[in-house]
Amino acid sequence: MSLQFWKPGTEKPRILEDEEGGVLFLSNSLSSSSSSSSGYGYASIEKQRQRLPVYKYRNAILYLVESRATTIIVGETGSGKSTQIPQFLKEAGWAHGGRLIACTQPRRLAVQAVASRVAEEMGVQLGQEVGYTIRFEDVTKPDVTVLKFLTDGVLLREMMDDPLLTKYSVIMVDEAHERSISTDILLGLLKKIQRRRPELRLIIASATVEAKAMSDFFRMRKKRREPESGDSGLQLEPAILSVEGRGFSVQINYVEEPVQDYVRAVVSTVLSIHERESTGDVLVFLTGQDDIDAAIQLLNEEVQTDGKRSSGLILLPLYSGLPRAEQELVFSPTPRGKRKVVISTNIAETSLTLEGIVYVVDSGFSKQRFYNPISDIENLVVAPISRASARQRAGRAGRVRPGKCYRLYTEEYFLNQMSNDGIPEIQRSNLVSCVIQLKALGIDNILGFDWPASPSPEAMIRALEVLYSLGVLDDDAKLTSPTGFQVAEIPLDPMVAKMIIASNQFGCSEEIITIAAVLSIQSIWISGRGIQKESDEAKLRFAAAEGDHVTFLNVYKGFLQSGKSSQWCHKNYVNYQAMRKVIEVREQLKRIAHRIGLVSKSCESDLQAVRKAVTAGFFANACSLEAYSHNGMYKTLRGSQEVYIHPSSVLFRVNPKWVIYNSLVSTDRQYMRNVITVDPSWLLEAAPHFYQLQQSISLH
DNA sequence: GAGCACTGC
């Protein structure tokens, strides 16, 4: 392997030039005077704060926020921007007069972690001056909380009640480079709010690569012939400030020739690291469970045949579907004389931080979601990562001391063929939820909305069509009353929301809300190698002839009758943690259902009511068994796509004539997950306009 | 008889 050296920062300009002269140059010498705060008992925390790279920029940041409408902060991991900047703002008086400072994160865990760290640094109890809000948890106190951490999704929900976010003086959007759908919608809306509320200050915190694009996005005034600065002297041109990180250097190694089989390449690279390199744990990035299991099996075979070469290796898989206890093994300290090798999906790129990693092996691939608006199907595809991802992965090796990264692709490929940034999620997704959110916020011209990255018109039109067929939008693409407004209030996929609303007329809201809660959880079953037979047998105890939705009702009933017992779950191969989440989501949905005027009612054993309510939301997913199919092939009514019932369904091999599915999983075939039987006449009842053109398909 | 990268309201 050829070696090449790289130091964080050398690939990235620290200061971004701007042809219009609107960007501020800031050198390291522009340091702030140190704070004099040193209350008894806080000296060490204060010293820790001062050691963070961002501390040097305290005055510069405050100056920019004071004088600029939007400030973009480029900060690498470890710069301390997420925890320090909100405190700087509070210290500078941005929370005076009953105003709040908000800081958003894409993930709930990050919100909790940052909020508790800040509360600790400020020496206050979490939930008082410093609080956070995530789904199910509002740890804030009105009139007391001034620093509020929240997910960007929660802030979007807040805009439904307060479209101008009037209680906030400064909003910091953190991790903006991840470009999640919520972040993109939020950025578009914040830009709009700024026109109405010039006093609102925005801070966009982002990794280097996206900073310029963000600045371009927020620079909009000149075209509108508005004054370059307001009465207050406020500069409307965004400023970009770069803050260096605290990572150690990472030496990058590329392969000389493209690898044919990246799983085998991973195995040989791990073994050669183990043979040649000093102590330090290894983090391997692969694409999914299959890859990971294959790599671990090959490495284990190596242990059997050549024990010497691989002795002392602790092999640990890591992916989100892994049971919690196994996930936590990756955080346990490495015993002396051993080397931990964590073989992971992308979960370790952003969501989890592992300590003690010195070596990273990067396959160059990850699974990514792509959406085809023509077929209306989302697929998970193994695809090459971007340079931004590759840098992020490499950075994982430099957290504790200088590290090494082994890229299983050539340098030529990295430099010339890899795309610079990933495709924003909004350009790879089904847009129904996104469209309804904007409609609820009064954004009617969605195609003309000012997006940080525009979604494709085809996907947008498809979303409008689906919402129209659900009766959520009218002929003028406005939210219908009451259905459209009710659907927008429910924080779930619009098809699920419609099913909940329809349950009111069928008198089965209790059952449908349970089903909606289960569908919103990844899986309520415990699965895994070695227990397939047992878990399948356990599933049969709950199986209902009507299908998976009714089976979920049986499981929920059993769980309640057991007194929500974890032993009961264990015995029945039901995931206890998942069931607790079901209870939580269910309670939230019940509150919302009550608020929008639905009547809480159980249909007892009238399962036809349940099936009709499901049909009202999911009629577009109706399929019929091909008459002469011996292998269980179905075709969708809408697009005549070939689909099959997933083997995990209780209707697998039962193959009823008419079914509706909840979602499709695409592998070598399209598999329907969570399937329920229906009567075809219900389809016409539920969506006459949707099926009238298709009556040539005989519905009997 | 197969398998779901990762979030979020």
Side-chain angles (χ1 to χ4, degrees), chain A residues 104-111 133-138 150-160 175 178-186 285-293 318-322 344-352 363 365-370 378-383 385 389 422 425-426 428-429 433-434 436-437 440 487-494 496-497 516-517 520-523 525 527-529 532-533 535-536 539 584-585 588-589 591-592 631-632 644-649 651-655 662-674:
Chain A
T104 74
Q105 298 285 332
R107 280 172 292 280
R108 301 169 48 168
L109 257 176
V111 168
T133 308
I134 56 178
R135 182 177 179 175
F136 300 128
E137 265 188 271
D138 184 9
L150 67 177
T151 52
D152 34 25
V154 168
L155 192 60
L156 278 178
R157 282 276 152 192
E158 285 192 4
M159 289 175 80
M160 291 195 182
E175 311 288 356
E178 287 189 25
R179 302 302 299 275
S180 74
I181 290 182
S182 315
T183 307
D184 271 17
I185 299 177
L186 188 61
F285 285 102
L286 279 172
T287 65
Q289 190 175 342
D290 276 354
D291 280 357
I292 291 170
D293 290 345
L318 177 63
Y319 44 86
S320 77
L322 206 62
S344 172
T345 62
N346 247 10
I347 193 171
E349 194 182 305
T350 50
S351 305
L352 287 178
S363 65
F365 290 92
S366 70
K367 282 198 185 175
Q368 292 161 38
R369 182 170 56 202
F370 288 95
E378 284 182 332
N379 274 325
L380 267 184
V381 183
V382 172
I385 61 170
S389 271
E425 191 185 11
I426 200 155
R428 300 183 279 117
S429 307
S433 297
C434 162
I436 198 164
Q437 244 175 339
V487 166
E489 281 279 312
I490 299 175
L492 293 171
D493 180 282
V496 180
S520 77
I521 303 297
Q522 289 210 334
S523 171
W525 307 108
S527 57
R529 263 158 298 282
Q532 277 153 340
K533 197 161 151 266
S535 66
D536 279 1
K539 201 183 280 185
E584 217 173 12
V585 174
Q588 186 197 21
L589 293 178
R591 282 196 298 276
I592 292 167
N631 60 349
Y644 297 82
I645 293 180
H646 195 278
S648 67
S649 168
L651 293 182
F652 179 67
R653 280 202 292 231
V654 177
N655 292 337
N662 179 71
S663 61
L664 286 181
V665 176
S666 314
T667 51
D668 50 333
R669 286 177 171 181
Q670 306 276 3
Y671 284 103
M672 300 183 267
R673 280 189 75 213
N674 298 324

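The figures that follow rest on heavy atoms only: side chains count, while hydrogens, waters and symmetry mates do not.
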Starting at [atom1] of [X] and ending at [atom2] of [N], how long is that distance when rounded to a whole Å?
X      : N     : atom1 : atom2 : value
A:Q437 : B:dG8 : CD    : P     : 15 Å
A:R179 : B:dG8 : CZ    : P     : 19 Å
A:R428 : B:dA5 : CZ    : P     : 15 Å
A:N379 : B:dC4 : CG    : C1'   : 12 Å
A:Q522 : B:dG3 : CD    : C1'   : 13 Å
A:R673 : B:dG1 : CZ    : C1'   : 15 Å
A:L322 : B:dC4 : CG    : P     : 16 Å
A:N662 : B:dC4 : CG    : P     : 15 Å

From the options [options], select the nucleotide whose nearest atom is closest to the side chain of [X].
X      : options             : value
A:F652 : B:dC9, B:dC6, B:dG1 : B:dG1
A:P647 : B:dC4, B:dG8, B:dA2 : B:dA2
A:V154 : B:dA2, B:dC6, B:dC9 : B:dC9
A:H646 : B:dG3, B:dG8, B:dA5 : B:dG3
A:I134 : B:dC9, B:dA2, B:dA5 : B:dC9
A:S320 : B:dC6, B:dC4, B:dC9 : B:dC6
A:R369 : B:dA2, B:dC9, B:dC6 : B:dC6
A:R653 : B:dC6, B:dC9, B:dG1 : B:dG1
A:V665 : B:dC4, B:dC9, B:dA5 : B:dC4

Look only at the side chain of A:R428 and the backbone of A:R369, and say whether a donor-acceptor pair between them is shorter than 3.5 Å.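 Side chain of A:R428 to backbone of A:R369, a donor-acceptor pair under 3.5 Å: yes, one is there.
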May I ask you to say what [X] touches in the nucleic acid, namely base, sugar-phosphate or nothing, with a heavy-atom cut-off under 4.0 Å?
X      : value
A:R157 : base
A:I347 : sugar-phosphate
A:T345 : sugar-phosphate

Residue A:Q522 excluded, over 12 heavy atoms near CD under 6.0 Å: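 12 or below, so no.
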Output yes when at least one side-chain N/O atom of A:S523 is less than 4.0 Å from OP1 or OP2 of B:dC4, else no.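 No, no such contact exists.
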Any side-chain N or O of A:T151 below 4.0 angstrom from OP1/OP2 of B:dC9?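 Checking B:dC9 against A:T151, a side-chain N or O does come within under 4.0 Å of OP1 or OP2.
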Please identify each residue that fulfils ring pair (Phe, Tyr, Trp, His ring centres under 6.0 Å) with A:F652, with sequence neighbours left out.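 None.
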Applying side chain to side chain contact (heavy atoms under 4.5 Å, CB included), can you list everything that pairs with A:S648, at least two apart in sequence or on another chain?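 Side chain to side chain contact (heavy atoms under 4.5 Å, CB included) check on A:S648 returns A:K539, A:H646.
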On DNA chain B, compare the nucleotides closest to A:L492 and A:L318; which residue's is nearer the 5' end?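 First, find each residue's nearest nucleotide; the 5'-ward one identifies A:L318.
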First locate atom CE of A:M160, then atom CD of A:E489, and finally report the distance between them rounded to the nearest 0.5 Å.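 It comes to 7.0 Å.
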A:E349-A:S389 side chain donor-acceptor pair, cut-off 3.5 Å: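 Per modelled atom types, A:E349 and A:S389 side chains form a pair under 3.5 Å.
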What about A:D536, does its side chain sit under 3.5 Å from the base of B:dG1 through a donor-acceptor pair?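 Flag set: donor-acceptor pair detected.
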